[in-house]
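Here's the structure we're looking at; comments come further down.
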Amino acid sequence: MVSDQTIVPPAPTTIASVTTTTVATTTPAPTGSYVVEPGDTLSFIAERIGVSIAALSEANGITDVNSIQPGQQLNIPAPAPATG
């Protein structure tokens with residue numbers, strides 16, 4: 001059976017645009033500290049705590065990655081957010 005009714009689709013919906021702002025920090029916020037042990041290297045410490053050598057160096061103002069000393073206290077930066 002054929003109907004005389006006309007089907008009218010709903011009106012288009014307007015979606016508000018969203019703007020996000022990302023603020024970059026030059027030094028990651030410390031999440032703890034680590035005391036350098038004899039034989040530690042910056043790369044070993046960075047790998048052990050799950051941050052990059054660059055982030056660990058930057059968080060501690062280290063310009064020479066070979067200059068850490070046993071007993072030195074290092075600030076541990078927050079890990080970088082996962083991307084993907």
Side-chain angles (χ1 to χ4, degrees):
M1 176 169 198
V2 177
S3 169
D4 289 336
Q5 293 181 330
T6 303
I7 298 175
V8 179
T13 304
T14 302
I15 299 175
S17 88
V18 176
T19 303
T20 59
T21 303
T22 303
V23 177
T25 58
T26 56
T27 304
T31 62
S33 63
Y34 178 85
V35 177
V36 177
E37 298 289 330
D40 279 352
T41 62
L42 206 60
S43 61
F44 169 79
I45 297 166
E47 183 177 332
R48 183 173 179 191
I49 61 176
V51 299
S52 70
I53 297 169
L56 187 57
S57 297
E58 187 176 325
N60 291 282
I62 296 171
T63 56
D64 178 359
V65 297
N66 297 309
S67 68
I68 61 171
Q69 301 297 320
Q72 181 178 353
Q73 184 170 323
L74 300 177
N75 292 318
I76 307 300
T83 58

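We number each residue from 1, following the sequence as shown.
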For Gln72 and Ser67, the nearest pair of non-hydrogen atoms, with its separation, is OE1-O, 4.1 Å

Residues Ala55 and Pro77: closest non-hydrogen pair is O-CG, 3.7 Å

For the residue pair [X] and [Y], establish whether any side-chain heavy-atom pair is separated by less than 4.5 Å.
X	Y	value
Leu42	Leu74	yes
Asp40	Tyr34	yes
Ser57	Thr63	no

Got a second to check how far Ile45's CD1 is from Ile53's CD1, nearest 0.5 Å?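 So the gap between those two atoms works out to 10.5 Å.
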
Working to the nearest 0.5 Å, report the span between CG of Leu56 and CZ of Arg48.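 Rounded to the nearest 0.5 Å, the CG-CZ separation comes out at 12.5 Å.
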
Heavy-atom neighbours of Glu47 CD exceed 12 at 6.0 Å: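 For Glu47, atom CD is not crowded (no more than 12 foreign heavy atoms under 6.0 Å).
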
Is there a donor-acceptor contact under 3.5 Å from the side chain of Asn75 to the main chain of Asn60?
->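 Answer holds: no.
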
